[in-house]
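Every number for a ligand or one of its atoms is a count from 1 in the order of the listing.
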Amino acid sequence: MTNDLADTTDGLAFVLYRSAARDGLGKDDLQAILASARERNGQHGITGCLHHEDGLFFQWLEGPAEKIDLVMAMIRKDGRHDQLTVLDDGALNQRRFRDWHMRFSDRNQKSLMDWLAQSDASTVNPGEYTRGIVAFLQALAI
Ligand SMILES: Cc1cc2nc3c(=O)[nH]c(=O)nc-3n(C[C@H](O)[C@H](O)[C@H](O)COP(=O)(O)O)c2cc1C
């Protein structure tokens with residue numbers, strides 16, 4: 001299996017979703033999620049980030065389109081979260097998180113809720129809400 005991120009842009013896709021963490025999800029659960037995510041993402045050439053705050057997950061995944069579909073199908077079935085809503089998906093010209101098989105952040109790094117509240121982006125307008133989240137995740141990655 002290839003682990004080469006110097007991939008061509010052919011078939012590079014992304015998905016951004018939000019989900020609700022299962023009640024009582026703890027640090028151990030998060031560690032377990034990240035361990036399996038990083039292992040499988042490494043095998044599939046998937047990179048991205050996961051932000052956890054106020055009982056919500058926000059995840060950006062990018063990689064070969066067919067691998068994104070495969071991993072998203074598993075993630076959708078995962079009982080550690082529910083109410084998964086895809087905020088945006090599509091083709092991607094180049095990776096935004098190429099250094100992370102799954103970067104993790106939470107309120108301790110920076111608060112997404114505060115960021116959205118302070119930004120000009122309307123959280124009612126879906127496009128602006130999504131762009132605000134992506135800008136937040138990318139700003140964290142610098
Ligand atoms: C919020 C969340 C994010 C996840 N992200 C990934 C991911 O990026 N890649 C991945 O392979 N698995 C991810 N997972 C875990 C898979 O859903 C899970 O590993 C899969 O269902 C298979 O279970 P296993 O870990 O027992 O093999 C995530 C799970 C949750 C709850």
Inset, instruction - Answer whether the closest heavy-atom distance between the side chains of Lys110 and Ser105 falls below 4.5 Å. - result: no
Legend entry - Minimum-distance protein heavy atom relative to atom 14 (N) of ligand 1: Ile75 CG1, 3.9 Å
Inset, instruction - Among residues two or more places apart or on two chains, list those pairs meeting side chain to side chain donor-acceptor pair (under 3.5 Å) that have a residue in residues 11-32. - result: Tyr17-Gln59, Arg18-Tyr129, Ser19-His81
Legend entry - Part of Leu61 within contact of ligand 1 (heavy atoms, under 4.0 Å): side chain
Inset, instruction - Determine, counting only non-hydrogen atoms of the protein, whether one lies under 4.0 angstrom from atom 26 (O) of ligand 1. - result: no
Inset, instruction - Tell me which part of Phe104 gets within contact of ligand 1: side chain, backbone, both or neither, using heavy atoms under 4.0 Å. - result: neither
Inset, instruction - Return yes if a side-chain donor-acceptor contact under 3.5 Å exists between Arg98 and Thr47, otherwise no. - result: no
Inset, instruction - Group every Ile, Leu, Val, Met, Phe, Trp and Tyr by side-chain heavy-atom contacts under 4.5 Å, then state whether Ile133 and Met113 land in the same group. - result: yes
Inset, instruction - If you have a sec, work out which protein heavy atom is nearest atom 9 (N) of ligand 1 and how many Å separate them, to one decimal? - result: Asn41 OD1, 2.8 Å
Inset, instruction - Among Leu87, Val71, Ile68, Asp69, find the one that has a side-chain contact (heavy atoms from CB on, under 4.5 Å) with Val15. - result: Ile68
Inset, instruction - Among all protein heavy atoms, pick out the one at the shortest distance from atom 7 (C) of ligand 1; state its residue, atom name and that distance to 0.1 Å. - result: Ala37 CB, 3.3 Å
Legend entry - Side chains of Phe14 and Leu61 in contact at under 4.5 Å (non-hydrogen atoms): no
Legend entry - Atom indices of ligand 1, in the order listed, that fall short of 4.0 Å to a heavy atom of Tyr17: 1 (C), 2 (C), 3 (C)
Legend entry - Close-contact set for ligand 1 against Ser36 heavy atoms, below 4.0 Å: 19 (O), 25 (O)
Legend entry - Closest protein heavy atom to atom 28 (C) of ligand 1, given as residue, atom name and distance to 0.1 Å: Ile33 CG2, 3.7 Å
Inset, instruction - Taking the side chain as every heavy atom from C-beta outward, state whether Phe104 and Ile33 have any atom pair closer than 4.5 Å. - result: no
Legend entry - Polar atom proximity, Gln59 to ligand 1 (N or O, under 3.5 Å): yes
Legend entry - Proximal candidate to atom 21 (O) of ligand 1 [heavy atom criterion; set Met74, Glu39, Met72]: Met74
Inset, instruction - Apply ring-ring contact (aromatic ring centres under 6.0 Å, His included) to Phe136 and list each qualifying residue two or more places apart in sequence or on a separate chain. - result: His51, Trp115
Inset, instruction - Compare Arg40, Arg22, Met102 and give the one whose heavy atom is closest to atom 12 (N) of ligand 1. - result: Arg40
Inset, instruction - Determine whether Arg80 and Leu25 make a side-chain contact, defined as any pair of heavy atoms from C-beta on separated by less than 4.5 Å. - result: yes
Legend entry - Protein contact of atom 16 (C) of ligand 1 - nearest heavy atom, named by residue and atom, plus distance: Asp78 OD2, 3.4 Å
Legend entry - Salt bridge flag under 4.0 Å for residues Asp54 and Arg107: yes
Inset, instruction - Could you establish whether Lys77 and ligand 1 come within less than 4.0 Å of each other, counting only heavy atoms on the residue side? - result: no
Legend entry - Structural part of Val71 in contact with ligand 1, heavy atom criterion under 4.0 angstrom: side chain
